[in-house]
Amino acid sequence: MRVRFAPSPTGALHIGGARTALYNWLLARGHGGTLVLRIEDTDRERSTPENVEQILDALRWLNLDYDEGPIFQSARVDRHAAALASLLHAGHAYRSTATADDVRAYKERHGSDRGFRGEPESSGAVRLRVPDAGETVVRDVIRGEAAFANSTLDDPVIARADESPLYNFAVAVDDSDAAITHVVRGEDHLSNTARQLLVLEALGAPEPIYAHLPLLHGPDGRKLSKRHGAASVQELRDAGYLPEAVDNYIALLGAGFAPDEEFFTLAELAERFRLDRVSKNPAVFDERKLRHLDGRHLRALTLDDLTARLQAYTGRTGLRDAAAISAEKIQTLADFWPLVSFLFDGPVEDPAAFAKTIGSDGGAENLAAARDALAGVQPFEPAAIEEALRGVVQARGVKAGKVFQPVRVAIAGQTVSPGIFESVALLGRDEALARIDRALVAAG
RNA sequence: GCCCCCAUGGUCUAGCGGUCAGGACGCCUGCCUUUCACGCAGGAAAUCACCGGUUCGAAUCCGGUUGGGGGUACCA
C-alpha cells in the first residue's frame with residue numbers, strides 16, 4: 001500500500017487538510033504502508049516557501065511523519081512535459097485556443113449537459129480529448145460508485161499554452177509515477193477524479209483505489225477552507241491545544257473508532273482505522289469537544305512531560321510544582337497561567353473577589369483567624385495546612401468556604417486557584433502570611 | 001444551468017431488516033466539596049429530512065421530493 005498527502009502551499013495547513021494527512025498516516029501506519037508527501041506547487045502565483053515550511057512544521061507538530069518526500073511537483077516539469085508530449089502525439093490531447101466564453105457558447109448550442117469538444121489547432125492550451133461514448137466510473141471505498149457520462153464532461157485543459165501542467169493532469173502523472181495505490185483526499189475532489197481517471201486512461205496507467213473524505217464545515221455549514229476563517233493547525237497550537245488531542249479530535253470528525261469510547265492515542269487510532277468505515281456526511285468543527293479531549297490528554301501526560309510543555313508554551317521555567325497542583329484544573333496549556341500566575345507574580349487585582357469574600361460577612365475575622373493558625377503550622381505542608389485551617393473552621397463554627405475563600409483571595413487575589421492547601425504550601429509560610437497581612441490591612 | 005455526493009438529538013458518531021435507536025461533547029440535577037475543575041450517579045434532548053414502494057416487519061433495501069454540500073478555472 002502506498003498513500004500520499006498532497007497539500008498545495010497556498011496557505012497554512014487547516015484542520016481539513018490536517019485530517020486528510022492524518023487519515024493517510026493512519027492508513028499507512030496501520031497497514032504497513034508507505035506515506036508519500038507531495039507539495040503541489042504548480043500554482044506559481046499563490047504557492048510560497050513560507051507556506052511549505054508552515055505545512056511541514058504543522059505535520060511535525062501533529063506527529064505525522066512520512067516515508068518519502070517531500071516531492072515538489074514543480075521539480076517534475078520534465079516528467080510532465082514527457083507525458084504531455086505522449087498524449088499529444090497519440091492524439092489523446094490537442095491544442096486549442098478556445099476560451100471559457102467559447103465553451104459557454106458551445107454549450108448554448110448543444111445543451112448545458114453536453115460537454116465541450118474543441119477542434120485541434122496549431123497553438124493554444126492543451127485539452128484532453130474526452131470520448132463521447134461510455135462513462136467514467138469513480139470506484140470509491142467510502143461512497144461506492146459514482147458514474148459520470150463522458151458526454152457531459154468538457155475536454156479539460158490539462159496544460160497552459162506554455163505547456164505548464166494544470167492540476168488534474170499533474171496529479172494523475174505524479175500519482176502514477178509514485179505508484180500510489182490509494183488516493184485518500186477530500187470530497188471536493190470527487191468530480192475532478194473523473195477527469196484524472198481519463199488522464200490515467202489516456203496514459204495507459206492503472207487506476208488507484210479512491211476514497212473521498214467528507215468535508216469539514218464551519219458553523220455556517222459551508223466548506224471549511226483557508227479563506228473561510230478555518231482554524232489552522234498553527235492557531236490551535238497557539239491556543240494551547242496538545243497535538244495528541246488535535247489528532248484525536250480531528251480523527252473523530254469523520255469516523256467512529258469504537259461504539260462507546262472516543263479517547264485515543266495516535267497508535268490506537270492507527271490500529272482501529274478502517275477506510276471503509278469513514279462517514280459520508282460532512283462534519284462541523286466543535287471546539288468545545290476539542291477542549292474536553294485536550295483536558296483528558298493533558299491529564300494523561302506525566303508530570304515531567306506536562307511541565308516541559310507548559311514551560312515551552314509560557315516561556316517560563318520552574319513550573320513543575322505549579323503544574324503538579326493545577327493539572328486537573330486546566331483543559332489547555334493556555335488555561336494554566338491565568339490560574340497560577342499569582343504564585344509567581346503576586347496576587348491579581350480583583351476588587352469584586354475581595355469584596356465578596358474578605359470584605360463581607362465576617363470574612364476579615366475568619367481570615368485573621370486563619371492567619372494565626374497558619375503561623376504555627378508545622379511542617380508547612382498541604383496536609384498540616386489543611387488540618388490547621390479545618391481547625392479554624394471548626395473553632396469559628398462557620399462553613400468551610402467562609403475560611404477558605406478569604407484565604408484564597410488573600411493569596412491569589414482571585415476566587416479561582418489550584419487547591420488552597422497546596423497553593424498556600426507552595427507559596428511558603430512567609431509569603432503566604434505577608435499576603436494575608438496585606439489583605440487584612442486592606443480590609444481595615 | 002449542468003454533473004456528482006450527502007441526509008440519525010444543538011454538534012460528532014454507533015447502527016448495516018426485528019434495539020426501549022447506543023456512545024461522546026454541550027446542557028440540567030444531585031453527590032463529592034475549599035473556588036474552579038476532576039470524578040461519580042441521574043436527567044432533558046432524535047416522529048432516524050419528507051413522501052411512496054418492497055417486506056410479516058424498515059433508521060437500515062428501492063424510487064421520488066426537499067434541503068445541504070462539492071465540481072463545473074489556461075486554481076489546487
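Throughout, a chain's letter reflects where its sequence line sits, starting with A, and its residues are numbered from 1. Here the structure is a predicted model, which is why all the values come from computation and not from measurement. What's counted below: heavy atoms across the whole structure, side chains too, no hydrogens, waters or symmetry copies.
- Listed candidates were B:G69, B:C12, B:U11. Nearest to the side chain of A:Glu262 is B:C12.
- Separating the C1' atom of B:U13 from that of B:A76 is a span of 30 Å, rounded to the nearest Å.
- In terms of heavy atoms, A:Glu187 sits closest to A:His212 at CA-CB, 3.9 Å.
- Applying a 4.0 Å cut-off to non-hydrogen atoms, none of the residues of residues 17-24 of chain A approaches RNA chain B.
- Listed nucleotides B:A73, B:G69, B:U13 differ in distance to A:Leu215; the shortest reach to its side chain belongs to B:G69.
- Using a 4.0 Å heavy-atom criterion, one finds that A:Pro282 contacts the sugar-phosphate atoms exclusively.
- More than 12 heavy atoms of other residues, nucleotides or ligands lie within 6.0 Å of CD in A:Gln234, so this atom counts as buried by the packing criterion.
- Atom CD of A:Glu431 sits in a crowded spot, with more than 12 heavy atoms from other residues, nucleotides or ligands closer than 6.0 Å.
- Listed nucleotides: B:A73, B:C74, B:C4. Nearest to the side chain of A:Leu166: B:C74.
- A 3.5 Å limit on both hydrogen-bonding distances identifies B:U72 as the Watson-Crick or G-U partner of B:G1.
- Counting any heavy atom pair closer than 4.0 Å across all strands shown, A:Thr42 reaches sugar-phosphate atoms only and no base atom.
- Distance, A:Leu293 CG to B:U11 P: 18 Å, rounded to whole Å.
- In terms of heavy-atom proximity, A:Leu62 sits nearest to A:Pro243 at CA-CB, 4.2 Å.
- When the P atom is used for both B:U60 and B:G9, the distance is 14 Å, rounded to whole Å.
- For an aromatic pair to be called close, the ring centres must be under 6.0 Å apart, and A:Phe5 with A:Tyr23 fails this.
- The shortest heavy-atom contact between A:Val171 and A:Gln196 is CG1-NE2, 3.3 Å.
- Residues of residues 334-359 of chain A that place a heavy atom closer than 4.0 Å to RNA chain B do not occur.
- Side-chain N/O atoms of A:Asp260 and base N/O atoms of B:A24 include no donor-acceptor pair closer than 3.5 Å.
- When the nucleotides B:U8, B:C12, B:G71 are ranked by their closest atom to the side chain of A:Ser191, B:G71 comes out on top.
- In the displayed structure, A:Glu387 atom CD is contacted under 6.0 Å by at most 12 heavy atoms of other residues, nucleotides or ligands.
- Taking atom NZ on A:Lys107 and atom C1' on B:U72, their separation rounds to 7 Å, with Å as the unit.
- Atom-to-atom, NE2 of A:His297 to C1' of B:C38 comes out at 17 Å; the value is rounded to the nearest Å.
- For A:Arg109, there are no salt bridge (charged side-chain N to carboxylate O under 4.0 Å, His left out) partners two or more places apart in sequence or in a different chain.
- Comparing B:C51 with B:A58, their P atoms sit 14 Å apart, to the nearest whole Å.
- Heavy atoms of A:His212 sit nowhere under 4.0 angstrom from any nucleic acid atom.
- For the pair A:Thr10 and B:A76, the criterion of a side-chain N or O lying under 4.0 Å from OP1 or OP2 is not met.
- Between A:Leu374 and A:Phe380, the shortest heavy-atom distance links the atoms O-CE1, 3.8 Å.
- Aromatic ring centres of A:Phe285 and A:His217 lie farther apart than the 6.0 Å criterion allows.
- For A:Glu328 against B:G39, no side-chain N or O and base N or O form a donor-acceptor pair under 3.5 Å.
- As judged by a 4.0 angstrom heavy-atom cut-off over every strand, A:Gly115 is placed among residues making no nucleic acid contact.
- For A:Val377 against A:Ala384, the heavy-atom pair with the smallest separation is CG1-CB, 3.6 Å.
- A donor-acceptor pair is defined here as one N or O able to donate and one able to accept, closer than 3.5 Å; no such pair exists between the side chain of A:Glu422 and the backbone of A:Ser326.
- Closest to the side chain of A:Leu190, from the set B:U72, B:C5, B:C12, is B:C5.
- Taking atom P on both B:C16 and B:A37, the two are 38 Å apart, rounded to the nearest angstrom.
- In this structure, the ring of A:Phe342 has its center no less than 6.0 angstrom from the ring center of A:Trp337.
- In the interface, the side chain of A:Arg288 is not paired with the base of B:C25 through any donor and acceptor atom under 3.5 Å apart.
- Pairing each heavy atom of A:Phe336 with each of A:Leu319, the nearest pair is CE2-CG, 3.8 Å.
- Comparing B:G15 with B:G22, their C1' atoms are spaced 8 Å from each other, to the whole Å.
- A:Phe263 comes within 4.0 angstrom of nothing in the nucleic acid, heavy atoms only.
- The A:Lys329 side chain lies nearest to B:C36 when the options are B:C36, B:A73, B:C25.
- In the set B:G69, B:U35, B:C74, B:U35 carries the atom at the smallest distance from any side-chain atom of A:Thr415.
- Remark: A:Arg390, A:Ala400, A:Gly401, A:Phe404, A:Gln405, A:Arg408 in residues 386-408 of chain A come within less than 4.0 Å of RNA chain B through at least one heavy atom.
- Taking the P atoms as reference points, B:C61 lies 15 Å from B:C48, given to the whole Å.
- Within 4.0 Å of A:Asp162, counting heavy atoms only, lies no atom of the nucleic acid at all.
- Closest to the side chain of A:Val284, out of B:G26, B:U13, B:C12, is B:C12.
- The backbone N or O of A:Glu262 lies less than 3.5 Å from a partner atom in the side chain of A:Asn248, making a donor-acceptor pair.
- A:Arg38 comes within contact range of no nucleotide atom at all, as no heavy-atom separation falls under 4.0 Å.
- Checked options A:Lys107, A:Arg129, A:Arg195, A:Arg127; the residue passing with A:Asp154 is A:Lys107 (criterion: salt bridge (Lys or Arg N to Asp or Glu O under 4.0 Å)).
- Residues from residues 131-148 of chain A that place a heavy atom under 4.0 Å from any atom of RNA chain B, listed by number: A:Arg143, A:Glu145, A:Ala146, A:Ala147, A:Phe148.
- Residue pairs meeting the ring-ring contact (aromatic ring centres under 6.0 Å, His included) criterion with at least one partner in residues 116-170 of chain A, sequence neighbours excluded, are A:Tyr106-A:Phe116, A:Tyr167-A:His189.
- Within the structure, every side-chain polar atom (N or O) of A:Asn192 is placed at least 4.0 Å from both OP1 and OP2 of B:C75.
- Note on A:Arg296: every side-chain N or O is 4.0 Å or more away from OP1 and OP2 of B:C38.
- Between B:C75, B:C36, B:C12, one nucleotide has an atom nearer to the side chain of A:Val416 than all others, and that is B:C36.
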